[in-house]
Amino acid sequence: QVQLVESGGGLVQNGGSLRLSCSASGRTFSFYAMGWFRQAPGKEREFVAGIRYNGGSTYYADSVKGRFTISRDNGLNTVYLQMNSLKAEDTAVYYCAADRFGPGANNEHAYDYWGQGTQVTVSS
């Protein structure tokens, strides 16, 4: 069993920054690819960013490329999402997810464990 807990969400002004954290309970965290997804009201859940188990490769949705950065600290069992230049369209619930076998790419069905989400609201 792996439990993921997101934190760091909140209200931020347009153009501001937030850093999300996702803490994992499992001892095998360092072997999992990790991803961030988000879901806005009335919309489908979408891929935001992913990272390989060792942090060697990262992946980003075109909509966030250049603004968001995913990173991880395997010693702390934590993955981060640094979000800069936030826009109103970034408003969503952000979910952390773990993939036991994959590269941390954009296919949500490849992910095995999910957190409960943290709300990010960007005010215009």
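Computed over heavy atoms, backbone and side chain alike; hydrogens, waters and symmetry mates excluded. The first residue in the sequence is number 1, and the count goes up from there.
The closest side-chain donor-acceptor pair between S17 and N84 falls under 3.5 angstrom. Between the side chains of Y94 and R38, at least one donor N or O sits under 3.5 Å from an acceptor N or O.
Here the side chains of I70 and W36 are in contact, with some heavy-atom distance below 4.5 Å. Side-chain contact between R67 and D90 is present, with at least one heavy-atom pair separated by less than 4.5 Å. Between F31 and N74 there is no side-chain heavy-atom pair separated by less than 4.5 Å. A heavy-atom distance below 4.5 Å is not found between the side chains of V12 and M83. Counting heavy atoms from C-beta on, the side chains of N107 and F47 never come closer than 4.5 Å. The shortest distance between side-chain heavy atoms of Y113 and C96 does not fall below 4.5 Å. Side-chain contact check for E108 versus R45: some heavy-atom pair is nearer than 4.5 Å. In this structure the side chain of W114 reaches within 4.5 angstrom of the side chain of F37, judged on heavy atoms.
L4 and Y111 fall into different hydrophobic clusters, where Ile, Leu, Val, Met, Phe, Trp and Tyr are joined by side-chain heavy atoms under 4.5 Å apart, directly or via other members. Clustering ILVMFWY residues whenever any of their side-chain heavy atoms sit less than 4.5 angstrom apart, transitively, puts V79 in a cluster other than the one holding Y59.
In this structure, OG1 in T118 is found 6.0 Å from CG in L20, a value given to the nearest 0.5 Å. Distance OG/S63 to CD/E46: 5.5 Å, rounded to 0.5 Å. The line from OG of S30 to CG of N77 is 7.5 Å long, rounded to the nearest 0.5 Å. Within the model, atoms OG of S71 and CD1 of I51 stand 6.0 Å from one another, a figure rounded to the nearest 0.5 Å.
Here the closest heavy-atom approach between residue P103 and residue A33 is recorded as C-CB, 3.6 Å. Across every non-hydrogen atom of G117 and V93, the tightest pair is CA-CG1, 3.8 Å. The two residues L11 and S123 make their nearest non-hydrogen contact at CD1-CB, 4.2 Å. Taking each heavy atom of Q39 and A92 in turn, the nearest pair found is O-CB, 3.4 Å. Here the closest heavy-atom approach between residue L18 and residue V120 is recorded as CD1-CG1, 3.9 Å. Taking each heavy atom of T69 and Y60 in turn, the nearest pair found is CA-OH, 3.3 Å.
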> Is there a side-chain contact (heavy atoms from CB on, under 4.5 Å) between D99 and Y53 once you walk through the steps?
Replying inline: CA-CA 9 Å; D99 179 358; Y53 71 96; over 6 Å; no
> Given the rule in the side-chain contact (heavy atoms from CB on, under 4.5 Å) test, do D73 and Y80 qualify, once you have shown the distances and angles that lead to the verdict?
Replying inline: CA-CA 8 Å; D73 188 331; Y80 306 95; 4.2 Å; yes
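Screening V48, L81, L86 for a side-chain contact (heavy atoms from CB on, under 4.5 Å) involving V64 leaves a single residue, V48.
Taking the ring centre of Y32 as origin, the terminal cationic atom of R72 falls outside the region bounded by 6.0 Å and 45° from the ring axis.
In Q116, the CD atom is not crowded: 12 or fewer heavy atoms of neighbouring residues, nucleotides or ligands sit closer than 6.0 Å. Other residues, nucleotides and ligands contribute at most 12 non-hydrogen atoms within 6.0 Å of the CD atom of Q3.
With respect to the salt-bridge test (charged N to carboxylate O, under 4.0 angstrom), the residues D62 and K65 qualify.
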